[in-house]
Visitor: 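So that we are looking at the same thing, I have put the structure below in structure tokens.
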Amino acid sequence: MIDIKWIRENPGKLDEALASRGAKPVAIDLIKLDERRRDHLKTLQELQGRRNEASKAIGKAKGSGDDAKAQSLIDEVAQIKAEIQAGEAEERAIDLALVDALSRLPNVPLDDVPVGTDEADNVEVRRVGEKPEFGFAPKEHFELGEALGMMDFDLAAKISGSRFNVLRGKLARLERALGQFMLDVHTGEHGYEETQPPLLVRNDAMYGTSQLPKFGEDLFIGASMTGRGHQVESLLETYTTQADLDALKSGEISLEKLVPQVLERAPTEEEFWLIPTAEVPLTNLVRDRVLDGGQLPLRMTALTPCFRSEAGSAGRDTRGMLRQHQFNKVEMVSITSEETSASELERMTGCAEEVLKRLGLPYRVVTLCTGDMGFAARKTYDIEVWLPGQDAYREISSCSVCGDFQARRMAARYRVEGEKQPRFVHTLNGSGVAVGRALIAVMENYQNENGSITVPECLKPYMGGIERIEAVS
RNA sequence: GGAGAGGUGGCAGAGUGGUCGAAUGCACCGCACUCGAAAUGCGGCAUACGUUAAUAGCGUAUCGGGGGUUCGAAUCCCCCCCUCUCCGCCA
């Protein structure tokens with residue numbers, strides 16, 4: 001969430017930032033709305049002040065037995081009562097409108113972020129590692145996995161549909177080994193605290209990290225039967241009008257059109273959401289808190305499944321396990337002071353890179369341009385790992401600094417010694433790294449001509465000491 | 001899931017319609033006393049928004065969250081969330 005006060009003082013900067021992300025200018029509208037809000041608030045507060053004064057006087061008058069005076073004061077306050085109630089209702093409405101508008105604005109990119117429209121404008125920062133040379137045509141991971149008999153998409157589809165897979169045997173273990181290895185590196189060497197957060201979270205948490213209100217369609221919903229019942233009930237009772245039903249009956253509107261319309265009106269009040277990344281629960285660990293500045297930075301890591309609907313990705317990366325509805329990821333989250341967040345981004349990116357270095361995987365780091373950055377980010381480095389089977393670099397980690405954008409939504413603050421007012425913390429998140437994609441990368445980079453996979457040196461202790469993964473005869 | 005109890009400032013904990021943003025204790029900060037410390041005494045000590053040059057003053061709101069009743073709500077009513085105890089179910 002961007003501070004409305006900052007917008008008041010920097011309307012040009014806001015619109016410039018929005019333009020760089022391909023969005024329309026809104027500063028003038030927001031400022032107008034805010035002015036309306038403040039004007040209205042002022043008059044409301046004056047009325048409330050008068051009421052409070054009179055009410056106190058009533059109490060005093062009654063206490064001293066002056067009933068006549070009390071009555072005249074009661075009559076007086078009764079007159080402004082309706083005015084106050086109407087004013088309060090309007091204040092709520094204006095405030096809601098402003099907060100809603102603000103909560104849909106993306107973060108302002110840092111000055112050193114390249115301006116661009118899409119991934120073609122991202123800027124490569126460095127390449128690390130040597131691409132492996134093969135004396136044969138390298139295969140893609142799913143060809144290797146299926147040939148080994150340890151990766152089965154058809155079987156997964158029977159149970160869960162497309163964009164799932166089943167790993168078995170040594171390949172399943174390799175996936176586990178990767179996750180363990182990454183956690184050990186981050187907890188043992190990089191100072192991150194191992195955490196096991198909830199995978200189902202409430203609206204507020206999703207709102208805090210800004211998946212909501214704008215990106216609900218990317219998420220999966222979790223609900224109990226009773227919870228779902230309550231929701232259907234409220235959709236029917238509160239958000240579907242008689243006019244809707246009449247329009248439906250008369251054929252004026254189709255059911256396909258009415259349903260999204262009703263859902264649009266309803267607030268996104270799900271019982272639970274499945275996390276699309278551990279960034280959500282980890283970052284929300286500091287919500288509604290005032291931390292001691294001396295405690296910062298906080299560094300947390302977690303290995304969790306992630307669930308993404310991949311809406312809008314139909315037809316993209318449909319083969320293999322590159323883009324699944326469910327995958328494991330090691331996430332890093334840092335909570336810092338405002339002075340140290342920029343350097344923390346470099347540090348965090350380095351932590352993610354270290355994993356790839358140890359695994360011997362070639363990669364490159366790119367700075368995302370303004371148009372390609374996520375909603376909450378001020379600056380993002382993507383790490384792209386080399387996939388020989390695809391003959392391409394593919395994203396395996398994304399490290400972002402969000403400034404106080406998420407902290408404002410979560411009311412996560414810290415106190416600096418000697419300062420009266422608490423400040424908002426800065427938040428960062430990054431994958432360290434995506435486990436499923438790391439598995440792909442290891443398979444493709446360590447493949448042998450006979451279809452076996454050599455186990456990277458650093459994973460051997462996690463693999464019972466075996467040298468390679470081969471098909472079971 | 002059923003029955004009951006509860007949610008108040010950093011913590012503990014009073015307050016059941018008025019002068020309560022809220023007693024008291026602890027913690028914390030300042031001052032006094034002291035060679036210094038402890039003890040003691042005095043004072044201070046929430047957040048957001050508005051106004052403002054101001055993180056000074058003043059105003060408004062906030063006692064889990066949201067609505068309502070009332071001239072006036074921490075206190076009464078409704079809905080929701082959370083915690084605890086007992087029972088049931090369960091990895």
Side-chain angles (χ1 to χ4, degrees), chain A residues 1 3-9 31 33-96 98-99 102 196 198-208 223-231 233-234 237-238 266-273 284 286-295 338 404 407-424:
Chain A
M1 183 100 83
D3 188 2
I4 184 66
K5 284 185 204 156
W6 181 86
I7 295 175
R8 267 180 344 225
E9 286 156 20
I31 289 172
L33 184 58
D34 181 52
E35 266 165 15
R36 225 182 92 207
R37 171 185 142 260
R38 287 188 293 158
D39 284 348
H40 185 265
L41 188 59
K42 216 164 152 183
T43 55
L44 174 63
Q45 288 186 346
E46 276 163 19
L47 285 173
Q48 287 171 324
R50 269 204 278 157
R51 179 200 60 193
N52 290 349
E53 222 175 307
S55 292
K56 278 185 185 175
I58 291 168
K60 271 184 194 161
K62 283 202 166 171
S64 62
D66 190 348
D67 286 348
K69 189 180 174 194
Q71 193 51 50
S72 81
L73 283 164
I74 287 174
D75 294 342
E76 187 193 322
V77 180
Q79 285 190 327
I80 56 172
K81 189 191 170 187
E83 223 175 317
I84 289 179
Q85 279 183 328
E88 283 174 342
E90 188 173 351
E91 205 255 319
R92 278 198 292 274
I94 299 176
D95 212 57
L96 203 72
L98 183 63
V99 169
L102 287 173
Q196 286 213 29
L199 308 180
L200 301 180
V201 303
R202 293 195 185 278
N203 292 291
D204 288 352
M206 284 295 185
Y207 180 86
S224 63
M225 285 300 285
T226 46
R228 200 174 62 163
H230 288 314
Q231 217 213 350
E233 217 176 275
S234 102
E237 279 182 7
T238 316
T268 49
E269 290 291 326
E270 300 298 335
E271 189 174 19
F272 291 115
W273 300 88
N284 273 282
V286 295
R287 76 161 25 247
D288 291 323
R289 285 177 62 192
V290 180
L291 301 164
D292 173 7
Q295 290 175 268
E338 56 186 59
D404 63 8
R408 285 180 186 281
R409 292 168 165 250
M410 296 188 303
R413 292 166 297 175
Y414 69 105
R415 208 176 281 285
V416 177
E417 215 181 304
E419 284 186 21
K420 200 171 174 191
Q421 285 193 322
R423 304 187 195 174
F424 288 108

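Letters go in sequence order (proteins before strands), and every chain restarts at 1.
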Visitor: What does B:C89 pair with, Watson-Crick or G-U, if both distances are under 3.5 Å?
Guide: none
Visitor: Is the distance from OP1 or OP2 of B:C49 to the nearest side-chain N or O of A:R37 less than 4.0 Å?
Guide: no
Visitor: Within the structure shown, what part of the strands sits under 4.0 Å from A:R423 by heavy-atom distance: base, sugar-phosphate, or nothing?
Guide: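 Contact class for A:R423: none.
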Visitor: Provide, to the nearest angstrom, the distance between the NE2 atom belonging to A:H40 and the P atom belonging to B:U51.
Guide: 15 Å
Visitor: On the nucleotide B:G59, are OP1 or OP2 found under 4.0 Å from the side-chain N or O atoms that A:R50 carries?
Guide: no
Visitor: Does A:R36 reach a base, just sugar-phosphate, or nothing at all? Heavy atoms under 4.0 Å.
Guide: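 Contact class for A:R36: none.
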Visitor: Does B:C49 pair with anything, Watson-Crick or G-U wobble, both distances under 3.5 Å, and if so, with which nucleotide?
Guide: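 B:G59 - that is the nucleotide pairing with B:C49, both distances being under 3.5 Å.
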Visitor: Looking at A:R202, I'd like to know whether one of its side-chain N or O atoms comes within less than 4.0 Å of OP1 or OP2 on B:C81.
Guide: no
Visitor: Pair A:D95, A:R92 - check salt bridge (charged side-chain N to carboxylate O under 4.0 Å, His left out), show working.
Guide: CA-CA 5 Å; A:D95 212 57; A:R92 278 198 292 274; over 6 Å; no
Visitor: How close or far is atom C1' of B:G72 from atom CD1 of A:I74, stated in whole angstroms?
Guide: 9 Å
Visitor: Counting only Watson-Crick pairs (N1-N3 plus N6-O4 or O6-N4) and G-U wobbles (N1-O2, O6-N3), all under 3.5 Å, who is the partner of B:G4?
Guide: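 Paired with B:C84.
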Visitor: How many Å lie between CD on A:E91 and C1' on B:G67, as a whole number?
Guide: 15 Å
Visitor: I'd like to know if A:Q45 reaches the base of B:G59 with its side chain such that a donor and an acceptor end up less than 3.5 angstrom apart.
Guide: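 Side chain to base: pair found, below 3.5 Å.
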Visitor: Please report the distance, rounded to the nearest Å, between CZ in A:R413 and P in B:A46.
Guide: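 Nearest whole value for this atom pair: 13 Å.
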Visitor: Mind checking if A:R415 touches a base, just sugar-phosphate, or nothing, with heavy atoms under 4.0 Å?
Guide: sugar-phosphate
Visitor: Taking A:N284 for the side chain and A:A205 for the main chain, is one N or O donor matched with an acceptor at less than 3.5 Å?
Guide: yes
Visitor: Looking at B:A14, which nucleotide sits across from it as a Watson-Crick or G-U wobble partner, both distances under 3.5 angstrom, or is there none?
Guide: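 Check on B:A14: unpaired, no WC or wobble geometry under 3.5 Å.
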Visitor: Partner of B:U70 by Watson-Crick or G-U wobble geometry, both contacts under 3.5 Å, or none?
Guide: none
Visitor: Side-chain N or O of A:K81 less than 4.0 angstrom from OP1 or OP2 on B:U70?
Guide: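 Looking at the OP1 and OP2 atoms of B:U70, one of them is under 4.0 Å from a side-chain N or O of A:K81.
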Visitor: Calculate the interatomic distance between A:R289 atom CZ and B:U47 atom C1'; express it in whole Å.
Guide: 17 Å
Visitor: Nearest whole Å is fine: how far is B:C82 P from A:N203 CG?
Guide: 12 Å
Visitor: Let's test this: given Watson-Crick or G-U wobble pairing with both distances under 3.5 Å, identify the partner of B:G41.
Guide: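 Pairing partner, where one exists within any strand: B:C31.
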Visitor: Without decimals, in angstroms, what is the distance between A:D288 CG and B:G10 P?
Guide: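 Computing the A:D288:CG to B:G10:P distance gives 12 Å.
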Visitor: Starting from P on B:G10, measure out to CD on A:Q295 and report it in whole angstrom.
Guide: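 Value for this atom pair: 15 Å.
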Visitor: Are OP1 or OP2 of B:U60 and a side-chain N or O of A:N52 less than 4.0 angstrom apart?
Guide: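 So the side chain of A:N52 is within the cut-off, an N or O lying under 4.0 Å from OP1 or OP2 of B:U60.
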Visitor: Describe the nucleic acid contact of A:Q85 in one word from base, sugar-phosphate, nothing, applying a heavy-atom distance below 4.0 Å.
Guide: sugar-phosphate
Visitor: Thinking salt bridges, do A:D39 and A:K42 make one under a 4.0 Å N-O criterion?
Guide: no
